[in-house]
Structures are given as C-alpha cells and as structure tokens.
2 protein chains.
Amino acid sequence: MTSTESLLSALRQDGFRITPQREMIVAAIADSDGHTTADDVLARVRTKTQALNLATVYRTLELLVGEGLISRADLGEGRIVYATAGHGQHLHLVCRRCGRVIEADPDLLEPMRVQIALQHGFQPDVSHVPIFGLCSDCAPGGSD
Amino acid sequence: MTSTESLLSALRQDGFRITPQREMIVAAIADSDGHTTADDVLARVRTKTQALNLATVYRTLELLVGEGLISRADLGEGRIVYATAGHGQHLHLVCRRCGRVIEADPDLLEPMRVQIALQHGFQPDVSHVPIFGLCSDCAPGGSD
DNA sequence: TTTACTGCAAATAATTTGCAAAACT
DNA sequence: AGTTTTGCAAATTATTTGCAGTAAA
C-alpha cells in the first residue's frame with residue numbers, strides 16, 4: 001500500500017471525507033521526497049488540474065497535522081515544511097545566511113532526546129528537527 | 001560595564017549613531033532575562049515614554065542581529081525571541097500544544113554540535129536552539 | 001438527503017518600506 | 001552641515017475565515 005493510500009484510509013477511518021482535493025494534496029506530499037510547503041503542494045497539484053484552492057491546501061495540511069499523519073517543521077522565516085510521518089526522521093541544518101538546508105544524520109539527536117525526556121519529561125519531535133546556524137560556505141573563518 | 005553599555009559602545013564603534021530609541025531598546029533587551037520579542041520591547045519602553053515606534057524596534061533588532069550583538073531564535077508560530085549575545089547559551093523546549101517554553105541544559109547540545117561541525121562543516125547557532133515537541137503535561141501516554 | 005468540504009474573496013496579523021522631518025556627530 | 005535615524009502610514013506576505021454552493025457518504 002502506498003503511503004498516499006494509507007494516509008487516505010487513515011483519514012477515512014477518522015470519519016473525514018475523501019475528496020479529489022484531499023487525494024491530490026496527500027499524493028503531492030507523498031511525492032515530494034519528504035519536504036513540501038503549502039505553496040509547493042498547490043503548485044504540484046496545479047500541474048494537473050486547477051481544481052484546488054490554496055485555502056484548501058492550508059486546511060488539509062492542518063487537518064493532516066492534527067491527525068498526526070504528517071509532521072510539520074518550522075524552518076524559520078516563514079518556511080514551514082511538511083513530511084509524511086512515515087518518512088523517517090530528519091535533522092535539518094538551516095543556514096541563516098544563504099538559506100540552504102542540509103540533511104544531517106538524525107541519530108545525532110538521540111542522546112539529547114533521551115536526556116531531555118529524562119530531565120524534563122519533554123518529548124522532542126525528533127521526526128523533524130531544524131537546527132539553525134551557518135553552513136560551511138557562509139561560516140566566517142571557515143577553511144574556504 | 002552593564003551589558004546595555006557594552007552593546008551601545010559596540011554599535012558606536014561600528015559607526016552607528018546612538019539615539020534615545022536605541023538606548024531604550026537595548027536596555028529593554030538587557031532587562032528582559034534574555035528573551036524578548038519585538039512587541040515586548042515596545043511594551044517595555046512604552047511604560048516610560050511614547051517616543052518609540054514599532055518599526056524602529058524592528059529596524060533596531062535587525063541591526064543588532066546583523067552586528068552579532070544579539071541572537072535571534074525562531075520559536076515557531078511567529079514567535080521570534082531575542083537575547084543579548086553575552087547571555088549564554090539556551091536550549092528551549094517549545095511545546096507544540098500548550099506553547100510552553102522550558103529551558104534545558106545547553107550542554108546537551110555539545111556532542112551534536114561537534115558532530116555536525118565535523119560532518120558538515122556547519123556551525124549551529126548553539127546560543128539559542130529551539131526544540132519542538134510535547135511537554136510533560138501535553139505528552140500522550142505520559143506518567144501523569 | 002444530509003452535512004462536510006471547497007472556492008472565493010475579504011480579513012488578519014506581523015513585518016517591511018518610502019519619504020519627509022528630526023537629530024546624532 | 002551632513003547623513004543617519006525616526007515616525008507615520010501604506011504595502012507586503014502568509015495564513016485564516018465567512019459564507020453559499022457542491023459533493024461525498
């Protein structure tokens with residue numbers, strides 16, 4: 001079963017209706033390799049049909065996040081990205097200067113996650129963690 | 001020398017003018033225990049005088065961040081907080097559900113920071129790191 | 001048939017910007 | 001005096017919302 005199908009059936013099970021718009025939105029999220037924005041979802045769907053409004057994208061994204069079916073990461077500067085929950089963990093290194101987003105090994109978060117859970121009873125959303133800073137190209141005093 | 005004074009002299013050294021507005025804004029940031037928003041800065045200053053416009057707050061905050069004199073952290077949902085750079089490191093645990101922000105030991109970041117630097121040449125802004133998730137009160141299946 | 005969902009357009013809200021007046025150096 | 005900075009108000013951008021029509025179940 002594709003991830004699109006499982007997301008849709010989860011929605012249906014929770015009593016929500018499956019509309020063409022929702023199908024297309026979910027497919028667009030699943031298609032993206034795991035990082036989409038509201039705008040991007042609209043653009044992807046619009047390559048196929050005009051039958052989708054941005055407001056609907058927002059509403060559907062909100063619905064999916066609320067149902068825990070997709071995760072949401074705030075990369076700063078209004079950049080909010082979504083990914084299917086089954087897509088695995090992400091550690092995004094977001095460059096404050098050039099805006100570049102680098103993927104790092106999410107296992108690096110494990111020790112910290114465990115300690116935070118132990119010390120504060122806080123459950124970090126390790127599925128999608130943004131870390132801000134400067135990439136090698138933008139860092140001052142770098143070796144380049 | 002207070003941190004307010006050092007920030008102002010740094011500004012002056014870089015060729016910027018010291019205005020009453022900038023003095024008040026810098027003092028407000030230093031006064032706050034290290035976490036302020038643009039709105040909060042305006043409110044703090046407004047308790048003393050009306051001679052300050054929100055646009056000026058934004059411009060000054062941007063200036064200070066650009067000069068590296070204060071750090072800026074995006075806590076999501078439009079919550080952007082500022083802190084004086086000399087205020088030490090912060091690890092914010094931001095609850096996605098209730099919005100609570102818990103302070104954690106920034107040393108927890110060290111191992112990850114080192115690995116990220118080694119593996120990607122990326123320099124995380126460890127002065128102010130937000131981690132999103134669910135606090136003990138909001139986490140499902142918690143022990144409460 | 002019933003009620004949820006969608007599209008449209010207007011409403012929000014936070015931040016940014018142009019420009020003339022005011023003020024730092 | 002000369003240039004930067006400020007205040008004001010309008011512009012911008014992303015997101016949200018009301019409402020009436022459309023469609024899933």
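Because the structure is a prediction, the values reported are computed rather than measured. Order of the sequence lines sets the chain letters (A, B, ...), proteins ahead of strands, with each chain counted from 1.
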- Query: By ring pair (Phe, Tyr, Trp, His ring centres under 6.0 Å), which residues pair with A:His120, not counting sequence neighbours?
  - Reply: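 In terms of ring pair (Phe, Tyr, Trp, His ring centres under 6.0 Å), with neighbours along the sequence ignored, A:His120 is linked to no residue.
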- Residues which pass side-chain hydrogen bond (donor to acceptor under 3.5 Å, both in side chains) with B:Glu62, listed by chain and number, not counting sequence neighbours: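 Residues passing side-chain hydrogen bond (donor to acceptor under 3.5 Å, both in side chains) with B:Glu62: none at all.
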Rounding to a whole Å, what distance do you find between [X]:[atom1] and [N]:[atom2]?
X: A:Leu61; N: C:dC5; atom1: CG; atom2: P; result: 15 Å
X: B:Leu52; N: C:dA22; atom1: CG; atom2: C1'; result: 15 Å
X: A:Gln50; N: C:dC8; atom1: CD; atom2: C1'; result: 14 Å
X: A:Leu63; N: C:dA4; atom1: CG; atom2: C1'; result: 11 Å
X: A:Glu67; N: C:dC5; atom1: CD; atom2: P; result: 11 Å
X: B:Arg46; N: D:dT6; atom1: CZ; atom2: P; result: 14 Å

[X] side chain to [Y] main-chain N or O, any donor-acceptor pair under 3.5 Å?
X: B:Thr56; Y: B:Leu52; answer: no
X: A:Arg113; Y: A:Pro124; answer: no
X: A:Asn53; Y: A:Ala55; answer: yes

- Nucleotide by nucleotide, 5' to 3', does protein get under 4.0 Å of the base (B), only the sugar-phosphate (S), or neither (-) in nucleotides 13-19 of chain D, counting heavy atoms? -SSBBB-
Within the sub-3.5 Å range, which N or O atoms of nucleotides 21-25 of chain D have a protein N or O partner, and how far apart are they?
residue: D:dA24; atom: N3; partner: A:Arg17; partner atom: NH1; Å: 3.2
residue: D:dA25; atom: OP1; partner: A:Ile18; partner atom: N; Å: 3.0

- Message: My understanding is that only residues two or more places apart in sequence, or in another chain, count here; which of them pass salt bridge (Lys or Arg N to Asp or Glu O under 4.0 Å) with B:Glu23?
- Response: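 Listed in chain order: nothing, the list is empty.
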- With under 30° as parallel and over 60° as perpendicular, where do the rings of B:His128 and B:His92 fit, or are they tilted in between?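 Aromatic pair B:His128/B:His92 classed tilted.
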- Message: Any side-chain N or O of A:Gln21 below 4.0 angstrom from OP1/OP2 of C:dG7?
- Response: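 The answer is yes; a side-chain N or O of A:Gln21 sits under 4.0 Å from OP1 or OP2.
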- Message: Which Ile, Leu, Val, Met, Phe, Trp or Tyr residues join B:Leu134 in one cluster when any pair of side-chain heavy atoms under 4.5 Å counts as a link?
- Response: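 B:Leu134 shares its hydrophobic cluster with no other residue.
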